[in-house]
Amino acid sequence: MINPIQFIEVAGEKRGLLLTPSLYRVIKERGWTIETDQTVENVMVAYQKLFLAAAINYDEKERFLNPDLPPFDLTLIDIDIWAAREPERFWKLVKDAFELLNGTTLEAATKKAKSQKKKSLWLETMNRLKNFCLGLVRRS
């Protein structure tokens with residue numbers, strides 16, 4: 001099982017990420033939208049934003065018990081630089097975050113999406129064939 005508390009090192013400092021559904025509250029409260037298409041660049045940016053929200057989520061939970069913590073100062077630029085410097089760790093964290101937040105692995109979700117796409121393509125083809133045949137029957 002993957003631990004929902006993950007750590008990254010930004011500018012020599014260990015920073016916590018809390019990858020639980022409560023990070024969506026952080027996103028909503030700030031009025032952020034995190035959307036992506038399927039390009040690698042946009043997926044990277046979306047997950048960088050998600051990781052910033054997870055860092056804020058972690059900070060808020062830690063601050064509840066320890067209000068004397070230093071002010072939160074992590075930025076999206078910091079996350080972007082971290083991701084560029086540690087791409088293997090970034091993509092591993094993307095896979096882990098996906099599984100934690102969706103309850104399934106990225107591989108399983110991809111396989112399911114491909115299967116559904118094949119089914120919908122098959123259904124679309126069958127519907128076109130049916131409509132074509134009905135058109136032939138009506139003409140005769």
Side-chain angles (χ1 to χ4, degrees):
M1 178 158 221
I2 301 167
N3 189 340
I5 298 175
Q6 296 288 318
F7 293 94
I8 62 174
E9 190 171 316
V10 176
E13 188 178 339
K14 188 175 174 181
R15 305 303 287 257
L17 307 178
L18 182 56
L19 294 161
T20 59
S22 62
L23 71 86
Y24 295 118
R25 178 194 45 78
V26 171
I27 294 166
K28 184 178 178 183
E29 284 178 353
R30 285 163 176 72
W32 297 351
T33 55
I34 300 177
E35 298 175 339
T36 185
D37 56 25
Q38 299 303 314
T39 63
V40 173
E41 297 83 11
N42 290 337
V43 169
M44 283 185 71
V45 170
Y47 272 94
Q48 289 169 5
K49 291 176 182 176
L50 188 80
F51 293 157
L52 179 58
I56 294 168
N57 192 30
Y58 180 87
D59 181 72
E60 287 179 353
K61 302 300 189 272
E62 284 291 310
R63 196 169 298 283
F64 180 77
L65 295 175
N66 187 0
D68 297 329
L69 288 173
F72 183 81
D73 63 350
L74 192 65
T75 67
L76 189 56
I77 292 171
D78 295 326
I79 300 284
D80 189 22
I81 292 169
W82 167 79
R85 288 186 174 164
E86 297 191 41
E88 287 180 20
R89 173 74 174 116
F90 173 78
W91 288 111
K92 166 89 171 81
L93 194 54
V94 166
K95 289 175 71 173
D96 290 349
F98 185 91
E99 187 170 343
L100 283 165
L101 297 171
N102 294 291
T104 186
T105 65
L106 186 57
E107 292 81 7
T110 302
K111 186 176 179 180
K112 183 177 179 182
K114 284 180 182 178
S115 172
Q116 288 177 339
K117 188 174 182 180
K118 285 180 185 176
K119 286 179 187 175
S120 69
L121 182 60
W122 180 83
L123 267 168
E124 184 180 322
T125 304
M126 293 308 291
N127 282 334
R128 285 183 181 176
L129 182 59
K130 179 180 84 175
N131 290 337
F132 176 75
C133 291
L134 284 173
L136 288 177
V137 169
R138 288 185 190 133
R139 281 189 238 155
S140 50

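Taking a 4.5 Å side-chain heavy-atom cut-off between Ile, Leu, Val, Met, Phe, Trp and Tyr, the cluster of Phe64 extends to Leu65. Chaining together hydrophobic side chains whose heavy atoms lie under 4.5 Å apart places Phe7 alongside Ile5, Leu18, Tyr58.
In the hydrophobic clustering of this structure, Leu76 does not group with Ile81; members are Ile, Leu, Val, Met, Phe, Trp, Tyr whose side-chain heavy atoms approach within less than 4.5 Å, directly or through other members. Tracing side-chain contacts under 4.5 Å through hydrophobic residues (I, L, V, M, F, W, Y), one reaches Ile79 starting from Met44; they form part of the same cluster. One hydrophobic cluster, built from ILVMFWY side chains closer than 4.5 Å, holds both Val10 and Leu19.
Considering all non-hydrogen atoms of both residues, Lys49 and Thr33 come closest at NZ-O, 4.4 Å. Minimum interatomic distance between Leu52 and Thr75 (heavy atoms only, all atoms of both residues): CD1-C, 4.1 Å. Nearest heavy atom pair, residue Leu100 against residue Pro4, reads CD1-CA, 3.7 Å. Nearest approach of Leu23 to Ala54, heavy atoms of both residues: CD2-CB, 4.0 Å. Taking both residues in full, the closest heavy atoms of Val94 and Phe51 are given as N-CZ, 3.8 Å, listed atom of the first, atom of the second, then distance. Nearest heavy-atom pair, Ile27 versus Ala53, reported as atom, atom and distance to 0.1 Å: CG1-CB, 3.7 Å.
The side chain to side chain contact (heavy atoms under 4.5 Å, CB included) test with Trp82 is passed by exactly one of Leu74, Leu93, Ile77: Leu93.
In this structure, the side chains of Tyr24 and Ile34 stay at 4.5 Å or more apart for every pair of heavy atoms.
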Glu86 and Ile8: CA distance, side-chain angles, deciding distance, side-chain contact (heavy atoms from CB on, under 4.5 Å) verdict = CA-CA 10 Å; Glu86 297 191 41; Ile8 62 174; over 6 Å; no
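The line from NZ of Lys92 to CD1 of Ile2 is 6.0 Å long, rounded to the nearest 0.5 Å. With values rounded to the nearest 0.5 angstrom, Asp96 atom CG is found 11.0 Å from Thr105 atom OG1.
Between the side chain of Arg63 and the main chain of Leu69, a donor-acceptor pair closer than 3.5 Å is present. Asn102 contributes a side-chain N or O that, together with a main-chain N or O of Phe98, makes up a donor-acceptor pair within less than 3.5 Å.
When the shell of 6.0 Å around CD of Glu29 is examined, it contains more than 12 heavy atoms from other residues, nucleotides or ligands. In the displayed structure, Lys61 atom NZ is contacted under 6.0 Å by more than 12 heavy atoms of other residues, nucleotides or ligands.
Taking the centre of each ring, Tyr47 and Phe90 stay at or above the 6.0 Å mark.
A side-chain hydrogen bond (donor to acceptor under 3.5 Å, both in side chains) check over residues 9-18, counting only residues at least two apart or in different chains, returns the pairs Arg15-Asp73.
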